[in-house]
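Here is the structure we will look at, set down as structure tokens.
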Amino acid sequence: MKHILMENNISPDDNKKVINFLKTNPRLTNGKQVEKFEQQWSNWLNVKYSVFVNSGSSANLASLAYLRTIYQDGEIIVPPVTWVSDILSIFYSNFKPVFVDINLHNLAMNDEIIEKAINKKTRAIFLTHMLGLNGLTEKLLKIIKKNKILLIEDVCESHGAMFKNKKLGTYGQISNFSFYYAHHMTTIEGGMVCTNNRTIYEKLRIIRGHGMLRESKDKIFKKKIADKNKKINKEFLFLYPGYNLRSTEINAIYGQNQLKSLSKNNYKRTINFNLFLENLNKEKYFIDFEVKGSSNYAFIVIFNKPFRNMIFRKKFEKTLTKFNIEFRRGLAGGGNQTMQPYMKFIKKKKIIGQLKNTNIVHNYGYYIGNYPSLKKDKIFKICKILNSI
Ligand SMILES: Cc1ncc(COP(=O)(O)O)c(C=O)c1O
């Protein structure tokens, strides 16, 4: 048996679309196809505006760079179980990451600890919806509203997941998606920043394009700024600290075609995930995830308490290796980010309380591939192997 983390999810049809497009000898830099993909994505998610960037990490960077246009400094509440770029985007934008432990049932930050972590300097909660699970609660939305802070949703691992009757990525003022090939859909590399706010949208467009004013679509705003800066050529007016985060027309064509199958593929993956959980040994493995509205792209395996030891861990990894089941320890980001060597470069940081659950997934949490083409039989086989350990 062989079970890899992710199959090649670029289809012959995707490639055909790109080849046909190339035959028209188009200009390939960020242009009409990117705009078309952004519009289609906004319709799919049900937001007003989307900005296509070259990775999910770039989406993270752009969001925090937006925040930097409002605040010079301050604190951002973030989980220690996330992707490295969530934390580095906070660092690069001169904010202080404040780490809050996660829950095991949704792998997102604990509301009560978030509430304790909020103070006058808190600018935003940068929430990660891990591995297709919803990280939002009514309580958290109330806390955010009461404290008048921003919510940025990292939905890079949870395309199509829902909270109540709305997709994740529509609750925050800003939301981030990744189209890295291992995720729910791909543009080879790519990401999206989404918002319902016109001002945020214009700023994100500017930040994506070197911070240049001409990237804005708002003519009145552009004229106002240009008039204020008469000594500067308005074509090269760098308004905010920005980056070059643009993607290309080719990636956008992949995105347009992949998007057509996204919901259908998510549905298949959700069925797979539920089947996987149903067949896991409940004594050995934690299965009490809040799966309502979830949109999973990787099976989650966390050892239950009596099995959280090195002997079982070694056996587990040896068995999976023997049966050619590819796995990653520490869920999708390596587990506890605060233990990583790069942290020594981040002098301004705060950890609230103990990171108990974070350390559980760091040491005893795994993910295994879940893709739409996966057959029932294979899921049964994987579970049988895991249960035999
Ligand atoms: C939660 C989360 N945020 C951000 C990213 C970054 O996305 P990308 O790999 O497209 O840069 C990832 C990565 O895969 C992720 O899992």
Side-chain angles (χ1 to χ4, degrees), residues 5-6 9-10 37 41 50-65 76-93 97 99-100 102 106-109 124-136 151-161 168-169 172 174-194 208 243-248 251-252 254-255 258 262 269 294-300 328-338 340 342 358 361-362 365-371:
L5 276 186
M6 186 58 208
N9 58 353
I10 291 198
F37 178 42
W41 182 262
S50 295
V51 178
F52 186 41
V53 289
N54 53 19
S55 71
S57 302
S58 295
N60 296 156
L61 266 183
S63 302
L64 272 293
I76 312 283
I77 297 175
V78 69
V81 180
T82 183
W83 192 248
V84 57
S85 58
D86 290 54
I87 293 152
L88 286 177
S89 57
I90 295 172
F91 170 64
Y92 292 142
S93 296
F99 296 100
V100 160
I102 58 162
N106 64 357
L107 303 175
M109 284 181 286
I125 293 176
F126 192 5
L127 181 134
T128 303
H129 300 290
M130 283 297 288
L131 289 165
L133 300 175
N134 161 45
L136 283 170
L151 171 65
I152 305 173
E153 291 178 83
D154 182 332
V155 203
C156 288
E157 298 184 9
S158 301
H159 314 49
L168 302 184
I174 306 178
S175 61
N176 299 165
F177 290 83
S178 161
F179 304 127
Y180 177 60
Y181 100 103
H183 292 159
H184 300 64
M185 65 164 263
T186 189
T187 57
I188 313 176
E189 296 280 357
M192 200 69 93
V193 199
C194 307
R208 173 180 68 179
Y243 305 94
N244 180 0
L245 307 175
R246 286 186 299 237
S247 186
T248 74
N251 304 79
Y254 276 115
Q258 286 258 322
L262 177 61
R269 284 180 148 119
S294 70
S295 176
N296 179 272
Y297 77 95
F299 297 146
I300 311 165
R328 292 275 190 276
R329 189 170 69 231
L331 304 182
N336 186 348
Q337 289 289 327
T338 69
Q340 295 286 350
Y342 76 84
T358 295
V361 301
H362 183 90
Y366 294 81
Y367 90 88
I368 298 173
N370 168 19
Y371 21 87

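Being a predicted model, the structure only gives us computed values, none of them experimental. Every number for a ligand or one of its atoms is a count from 1 in the order of the listing.
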| request: Give the contacting part of M130 toward ligand 1: side chain, backbone, both or neither, where contact means a heavy-atom distance below 4.0 Å. | output: neither

| Going by the order shown, which atoms of ligand 1 are within less than 4.0 Å of some heavy atom of T128? | 1 (C)

| query | Do S57 and N60 have a side chain donor and acceptor closer than 3.5 Å? | reply | no

| message | So that I know where these two stand, are F179 and F37 an aromatic pair - ring centroids less than 6.0 Å apart? | response | yes

| said: Could you identify the single nearest non-hydrogen protein atom to atom 15 (C) of ligand 1 and state the distance to 0.1 Å? | reply: W83 CB, 3.4 Å

| note | With heavy atoms and a 4.0 Å threshold, my read on which part of C156 contacts ligand 1 is side chain

| field | Residue pair I300 / L331, side-chain heavy-atom distance below 4.5 Å | value | yes

| said: So if I count the atoms of ligand 1 from 1 in the order they appear, which ones are less than 4.0 Å from some heavy atom of S55? | reply: 10 (O), 11 (O)

| Protein contact of atom 14 (O) of ligand 1 - nearest heavy atom, named by residue and atom, plus distance | H183 CE1, 3.0 Å

| task | Around atom 3 (N) of ligand 1, find the nearest protein heavy atom and jot down its residue, atom name and distance. | result | D154 OD2, 2.7 Å

| Numbering as shown, the atoms of ligand 1 that approach S178 to under 4.0 Å (heavy-atom distance) | 7 (O), 8 (P), 10 (O)

| Just which atoms of ligand 1 are under 4.0 Å from any heavy atom in N60? | 4 (C)

| field | Non-hydrogen side-chain atoms of W41 and C194 separated by less than 4.5 Å | value | yes

| request: Identify, for atom 9 (O) of ligand 1, the protein heavy atom at the shortest distance, and state residue, atom and that distance. | output: Y180 CB, 3.9 Å

| task | Working to the nearest 0.5 Å, report the span between OG1 of T358 and CG of N336. | result | 5.5 Å

| How far is atom 8 (P) of ligand 1 from its nearest protein heavy atom, and which residue and atom name does that atom have? | G56 N, 3.4 Å

| field | Identity and distance of the protein heavy atom lying nearest atom 11 (O) of ligand 1 | value | S57 OG, 2.6 Å

| message | Is it the case that the side chain of E189 and the backbone of N54 share a donor-acceptor pair, with hydrogens and angles ignored and the cut-off at 3.5 Å? | response | no

| task | Distance to 0.1 Å, residue and atom name: give those for the protein heavy atom nearest to atom 16 (O) of ligand 1. | result | E157 OE2, 2.5 Å

| Residue part near ligand 1, for D86, under 4.0 Å between non-hydrogen atoms | side chain

| Partner of Y297 by ring-ring contact (aromatic ring centres under 6.0 Å, His included), out of H184, H159, H129 | H184

| request: Check for a donor-acceptor pair, side chain of N244 on one end and backbone N or O of R246 on the other, with a separation under 3.5 Å. | output: yes

| task | Would you kindly say whether T186 and N9 are connected by a side-chain donor-acceptor distance under 3.5 Å? | result | no

